[in-house]
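Worksheet: the structure to be examined is printed underneath.
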Amino acid sequence: MSYLLEKTDILKKYLDLPQNGMVIAEYIWIDADGNLRSKGRTLSKKVTDVSQLPEWNFDGSSTGQAPGNNSDVYLKPVAFYPDPFRRGDNIIVLTECWNNDGTPNKFNHRHECGKLMTAHAGEEIWFGLEQEYTLLDPVDGYIYGWPKGGFPAPQGPYYCGVGAGKVYSRDVIEAHYKACLYSGITISGINAEVMPSQWEFQVGPCEGIKMGDELWMARYLLERVSEEFGVKVTFHPKPLKGDWNGAGCHTNVSTAAMRQPGGMKQIQEAIEKLSKRHKEHIELYGKDNEQRLTGRHETASMETFSSGVANRGASIRIPRSVQAEGYGYFEDRRPASNIDPYLVTGIMAETVCGSVPDADMYKEFKREFS
Ligand code: ADP
Ligand code: MN
Ligand code: MN
Ligand code: MN
């Protein structure tokens, strides 16, 4: 740890050097396993619009995204954000992956999500995602800060905990929060979670495709910050078996109609539609989610669909305040922490805004799972 800190101190000196008018753009993309990858390049002037960013490519055979004999995968810039690590005019560029035959790469779910969001743009669908995650010791992979070979005292004092022994790695969380604000991410809050070394940040409300974009960016920033602190992040939905909470990505949703007085009617209609597509949604709600959706630890069983006001054991929860006011939003508690937010917000828009499911789009989503 002290070794890492020292190196970071030395690095500061170089980060302050002028760049002779050049800008560094770090291009990021999602690989075949839902992990982030990135590489940097020099641009000759400050970027003010995404259209000024050149397309780029990478060796897809090194990331499981293309065969070795046809390995180029193209990176199409879709959004850019101020870089909190390099600062100045330097930027982080979010990209979509495309094959050289002009089709979206197998793991590019943003493309289909974008089509759905455009088709339903008139309904002004907003999302707020609650990203839970767990910190691990990078050397042995055990939960960060826990006694080696043992366990901390049972869950109870840790959720929103304050004080030594109740929270772990607040420094990582603080650094990440500030980095998100600097980059213009709509981060709406943070809290320590029920299991020690488990945390949550919330992003939103964000409209349409911006939700997936901003969540992936916030994850990228978290990976980079924790890299500096020498801590590992896992988005696995059940990092530790037993009487320890799993990690989810609760998905809060509203349309313009739901946000108007009387919107409870639209909320109820959405829940009715969701009840008819439980299985299809669950398929896109994260790998290993069955380990988490057990009906215990503030979850509903994966087998059945349920909804309720203020009920944290239901698939869908209507917040108490929303029920009282008669309009607002609802929360889908089923998605796991390791979701691709493009898949989840995409199918949500399709189910909630579509009168009949857009079967073609869903078939596209299913590519990866069939
Ligand atoms: P919880 O009580 O479930 O822990 P949080 O406060 O962690 O809730 O998260 C609530 C999320 O709901 C936030 O991300 C917030 O941005 C989002 N949200 C609030 N209002 C709306 C809305 N009208 N539509 C969609 N999301 C919303
Ligand atoms: Mn929350
Ligand atoms: Mn939570
Ligand atoms: Mn929640």
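Atoms within a ligand are numbered from 1 in the order they appear, just like the ligands themselves.
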Any salt bridge between Lys273 and Glu269, counting N to O under 4.0 Å?
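Answer for the salt bridge query: no.
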May I ask you to say whether Glu174 pairs ionically with Lys178, meaning some side-chain N is under 4.0 Å from a carboxylate O?
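No, no charged N to carboxylate O under 4.0 Å.
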The Mn ion (ligand 2): angle it makes with OE1 (Glu130) and OE2 (Glu200), nearest 10 degrees
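Here the angle at the metal atom is close to 100°, to 10°.
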Separation of [Y] [atom2] from [X] [atom1] (nearest 0.5 Å):
X	Y	atom1	atom2	value
Asn252	Met211	CG	CE	9.5 Å
Gln266	Gln260	CD	CD	9.0 Å
Met302	Ser315	CE	OG	11.0 Å

Give the name of the N/O/S atom in Glu193 that lies closest to the Mn ion (ligand 3).
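Among the N, O or S atoms of Glu193, the one closest to the Mn ion (ligand 3) is OE2.
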Restricting to N, O or S atoms of Glu132, which is nearest to the Mn ion (ligand 3)?
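This residue's closest N, O or S atom turns out to be OE2.
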Could you check which N/O/S atom of Glu331 is closest to the Mn ion (ligand 4)?
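Sorting the N, O and S atoms of Glu331 by distance to the Mn ion (ligand 4) puts OE2 first.
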Proximal heteroatom of His250 relative to the Mn ion (ligand 4) (N/O/S)
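Nearest to the Mn ion (ligand 4) within His250's N, O and S set: ND1.
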